Amino acid sequence: MSVSVQQGDFDVAAEMAALRAGRTDIGAIVSFTGLVRDSAHGEEISDMELEHYPGMTEKALQDIEAKANARWPLQATRIVHRFGRLSPGEQIVLVLTASPHRHAAFEAAEFLMDFLKSRAPFWKKEGTGDGGRWVDARDSDEDALSRWE
Amino acid sequence: MQIRYFAWLRERVGTPVEEVETSATTVAALIEELRKRDERYAYAFEDMSAVRVAIDQELSEMDAPLSGAREVAFFPPMTGG
């Protein structure tokens, strides 16, 4: 289990290699990468500012990661979440899950992302022509979360 | 007690963090105190359905007691991932 909250970019291949370094018991690794899109609601996005709550963010991510590990037979997990100003096309978030079989890895990766969406203290502001707009939380994100309860 | 604000709550209040002397016993009572203090707070807390609170970095409820709290944070629904 490992969590990083950082301004800098991450290397998916290097993260995956580190996750399975020196072990031969892992049967499946699922990797999810979230990216900054160049448009939202039909409007062009120039950049995205990701604000977070230092201290609480790390605790929330560790808590979410522990929940996933308690629920599925995972051999390793890794969460990297960036903050600060990001441009379209840049990587925002990485979730890696490793398990002996694929089902647990797939499900746990979805679970982690669903919790990150509405339970990790991040707030996104999209840069648009008229200044900026705070991204609203979506009902569909809450719905996604409720299916794990 | 230290109060932190994030995202548009921070913009409306005009500061990311402030030290506040309060005798409020719950989060809701603290918000009432702040609202009376200045229009900026009334604006920040005008739609409570869009406000979340954390006490000492744990997600909490508006009727939660403040006894012993060192840090209270107000923010909109989270949009991580």
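Keep in mind that this is a model prediction, so the values were computed, not measured. Labels below follow one simple rule: chain letters A, B, ... track the order of the sequence lines, proteins then strands, and each chain is numbered from 1. Side chains are part of it too, since the values below use all heavy atoms of this structure and drop only hydrogens, waters and symmetry mates.
The environment of CD in B:E61 is sparse: at most 12 heavy-atom neighbours from other residues, nucleotides or ligands sit within 6.0 Å. Under a cut-off of 6.0 angstrom, the local environment of CZ in A:F10 is crowded, with over 12 non-hydrogen atoms contributed by other residues, nucleotides or ligands. The environment of B:R35 atom CZ is dense: over 12 non-hydrogen atoms of other residues, nucleotides or ligands sit within 6.0 angstrom. More than 12 non-hydrogen atoms from other residues, nucleotides or ligands lie less than 6.0 angstrom from CZ of A:R23. Heavy-atom neighbours of A:R71 CZ from other residues, nucleotides or ligands within 6.0 Å: above the threshold of 12. Residue B:R37 places its CZ atom among more than 12 non-hydrogen atoms of other residues, nucleotides or ligands, all under 6.0 Å distant.
In this structure, the side chain of A:K124 engages the main chain of B:G81 through a donor-acceptor pair within 3.5 Å. A distance-only check finds no donor-acceptor pair linking the side chain of B:W8 to the backbone of A:W134 [under 3.5 Å].
Residues B:L59 and A:R119 share a closest heavy-atom pair of CD2-CD, 4.3 Å. Nearest heavy-atom pair across B:T79 and A:V135 is CG2-O, 3.5 Å. Nearest heavy atom pair, residue B:A73 against residue A:Y53, reads CB-CE1, 3.4 Å.
Hydrophobic clustering (ILVMFWY, side-chain heavy atoms < 4.5 Å, transitive): B:L9 and B:L66 are in one cluster. Placement of B:M48 and B:Y43 in two distinct hydrophobic clusters is found when ILVMFWY residues are connected by side-chain heavy-atom separations under 4.5 Å, directly or transitively.
At a threshold of 4.0 Å, the pair A:K59-B:E58 does not count as salt-bridged, since none of the basic side-chain nitrogens sits closer than that to a carboxylate oxygen.
Only the backbone of A:D136 comes within contact range of chain B, with at least one heavy atom under 4.5 Å from a heavy atom of that chain. The parts of B:A7 that come within reach of chain A are both its backbone and its side chain, each placing non-hydrogen atoms under 4.5 angstrom from that chain. Neither the backbone nor the side chain of B:R52 comes within contact range of chain A, judged by heavy atoms closer than 4.5 Å.
B:M78 is not listed as a side-chain neighbour of A:F122, based on a closest heavy-atom distance of 4.5 Å or more. Taking the side chain as every heavy atom from C-beta outward, A:P121 and B:F6 never approach each other to under 4.5 Å.
In terms of heavy-atom pairs under 4.5 Å with chain A, the best-connected choice from B:Q57, B:R10, B:R4 is B:Q57.
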